[in-house]
Number of protein chains: 2
Amino acid sequence: MENYQSSLDAAFHSLADPTRRAVISRLTKGPAPVKELAEPFAMGLPAFMKHLRVLEKDGLISSEKIGRVRTCRVNSERLTAAETWLCEQRRLWQAGTDRLADYVETQMSRSIENAE
Amino acid sequence: MENYQSSLDAAFHSLADPTRRAVISRLTKGPAPVKELAEPFAMGLPAFMKHLRVLEKDGLISSEKIGRVRTCRVNSERLTAAETWLCEQRRLWQAGTDRLADYVETQMSRSIENAE
DNA sequence: GGAACAGTTTGCTATTTGGCAAACTAAATC
DNA sequence: GATTTAGTTTGCCAAATAGCAAACTGTTCC
C-alpha cells in the first residue's frame, strides 16, 4: 500500500504509532536533529530511522541534512487536514444527537400535555 | 500488536483506512445495519466485516445484533481523544511559530535602527 | 418446511510492519 | 591521519493486514 488514496490515509497511518506521535510532539516545539529525537527511545537507530522515514513519506515532517546532521521539522498541513476531518465528523455527529435531543424533548412535552 | 498502549494508537490506526473512515462518516449521521454500511464498497462482506471488527476492537464503533441484523453506531469518545491530541499539537506548533514571528520582527526593527 | 436473507467462519494468499545486528559512509575533532 | 560521531544500508525475522472464495448459521418470510 505504497500510494495512499488521500493524505488522510497517510496522516492517520503515521499517527497510529506512539513513537511517531512522540516525535511529532517533540517537533511541534521546534526542529531537532535525528540524534536528539532518537534519545528518549529504547530502540536502535535503524529502527528509529524507519519511523522517521514513515513520517517523511507520509508528509508529516520534512528534513534536511547539513554536514553529518539531519535536522527534522514538522510539516503542519497534514496534521491540519486530519484535525479538520475529525472536527467535521464531530460536527455531523453532534448535529445528529442534537436532533435526537430535540426529538426526545418534543416527545416529553407531548406526554406532559396528554397527561394534563 | 493486539494491545494498544493508548487509545490514540487504536483511534488513529482505525482511521488510517479509507473504508473505515467512510464507515465512520456514514455512522455520524446515525446508526446503520452492516448490509447498508457495506453497500457502497466493492469488496466482499467478509473483507468488509474485518474492517468493522477493527473499528469495534479499536473502540470507535459499537454494535448490537437483533434478530439477524447487526446495527452499528459510532462511539464518539475515541474520536474526541484523537481530535484533542491534534488540537494540542497545533496549539504547541503555533506557539512556536508565533515566537519565531516575534523574533523575526524584533530582528527587523533592529536592522532598521542600525541602518538609521 | 423451503427459500431468501444477513451475517459469520474458515482457510488461503501477498504485502507491510517494527524490530534486531552488523557493516558501512561521511563529517568533525584531536 | 586516527578516532569519534551521526547517520545509513543491508539482511533477517515474526506478526499483522487486506483481500479472496467457499461453506456455514440463524432468522424471516411465503
Side-chain angles (χ1 to χ4, degrees), chain A residues 1-24 26-27 30-73, chain B residues 1-24 26-27 30-73:
Chain A
M1 199 197 288
E2 277 283 283
N3 297 321
Y4 294 118
Q5 288 181 13
S6 111
S7 65
L8 290 174
D9 289 19
F12 287 129
H13 168 253
S14 259
L15 294 174
D17 184 276
T19 301
R20 292 195 291 260
R21 278 202 310 282
V23 169
I24 293 290
R26 167 61 191 80
L27 289 179
V34 171
K35 180 78 186 306
E36 186 188 324
L37 290 172
E39 205 128 322
F41 302 100
M43 74 189 73
L45 249 191
F48 183 76
M49 289 293 296
K50 274 197 190 176
H51 287 296
L52 287 186
R53 239 171 283 136
V54 169
L55 282 167
E56 192 154 16
K57 189 197 66 169
D58 288 353
L60 283 132
I61 68 170
S62 50
S63 70
E64 189 193 8
K65 195 168 180 178
I66 295 172
R68 65 184 172 178
V69 174
R70 177 174 297 280
T71 303
C72 304
R73 68 193 62 243
Chain B
M1 199 197 287
E2 278 284 284
N3 297 321
Y4 293 118
Q5 288 181 13
S6 111
S7 64
L8 290 174
D9 289 19
F12 287 129
H13 167 252
S14 260
L15 295 173
D17 183 275
T19 301
R20 292 195 292 260
R21 277 201 311 282
V23 169
I24 293 290
R26 165 62 192 80
L27 289 180
V34 172
K35 181 77 185 307
E36 187 188 325
L37 290 172
E39 206 128 324
F41 302 100
M43 73 188 74
L45 249 190
F48 183 76
M49 289 292 297
K50 274 196 189 175
H51 286 297
L52 287 186
R53 239 170 284 135
V54 169
L55 282 166
E56 191 154 16
K57 189 196 65 167
D58 287 353
L60 278 104
I61 69 170
S62 50
S63 71
E64 189 193 9
K65 195 169 181 178
I66 295 171
R68 65 184 172 178
V69 175
R70 177 174 296 280
T71 303
C72 303
R73 67 193 64 245

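Side chains are part of it too, since the values below use all heavy atoms of this structure and drop only hydrogens, waters and symmetry mates. Each chain gets a letter, A, B and so on, in the order its sequence line appears, and its residues count up from 1.
A straight line from CD of B/Glu64 to C1' of C/dA6 spans 16 Å, rounded to a whole angstrom. When the P atom of C/dC5 is taken as reference, atom CG of B/Leu45 falls 13 Å away, rounded to whole Å. Between the CZ atom of A/Phe12 and the C1' atom of C/dT17 there is a distance of 20 Å, given to the nearest Å. We find that CE of B/Met49 is positioned 14 Å from P of D/dG19, with the value rounded to whole Å. Taking atom CZ of residue A/Phe48 and atom P of nucleotide D/dA6, one finds them 14 Å apart after rounding to whole Å. In this structure, B/Arg53 places its CZ atom 13 Å from P of C/dG7, rounding to the nearest Å. In this structure, the CG atom of A/Leu52 is 15 Å from the C1' atom of C/dG19, given to the nearest Å. One can place CG of B/Asp17 at 6 Å from P of D/dG19, the figure rounded to the nearest angstrom.
Nearer the 5' end of DNA chain C, as judged by each residue's closest nucleotide, is the contact made by B/Pro33, out of A/Gly44 and B/Pro33. The nearest heavy atom of DNA chain C to A/Pro46 and to A/Arg20 marks one nucleotide each, and the one closer to the 5' end goes with A/Arg20. Mapping B/Lys50 and A/Arg68 onto DNA chain D by nearest heavy atom places A/Arg68 at the nucleotide closer to the 5' end.
Counting heavy atoms from C-beta outward, A/Leu15 and A/Arg21 have side chains that approach closer than 4.5 Å. Residues B/Leu27 and B/Leu37 are in side-chain contact: their nearest non-hydrogen atoms beyond the backbone lie under 4.5 Å apart.
The side chain of A/Ala47 lies closest to C/dC20, out of C/dG7, C/dC20, D/dA6. With D/dG19, C/dG7, D/dG7 as the candidates, the nucleotide lying closest to the side chain of B/Met43 is D/dG19. With D/dG7, D/dT9, C/dA6 as the choices, the nucleotide that has an atom nearest any side-chain atom of A/Arg70 turns out to be D/dG7.
For B/His51 and D/dT17, the shortest distance from a side-chain N or O to OP1 or OP2 is not below 4.0 Å. Within the structure, a side-chain polar atom (N or O) of B/His13 is placed less than 4.0 Å from OP1 or OP2 of D/dT17.
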Donor-acceptor list for residues 44-55 of chain A side chains, cut-off 3.5 Å, not counting sequence neighbours:
{"unit_1": "A/His51", "atom_1": "ND1", "unit_2": "A/Arg20", "atom_2": "NH1", "d": "3.2"}

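The distance from the CD atom of A/Glu56 to the OG atom of A/Ser14 is 10.5 Å, given to the nearest 0.5 Å. The CZ atom of A/Arg68 sits 9.5 Å away from atom NZ of A/Lys35, with the distance rounded to the nearest 0.5 Å.
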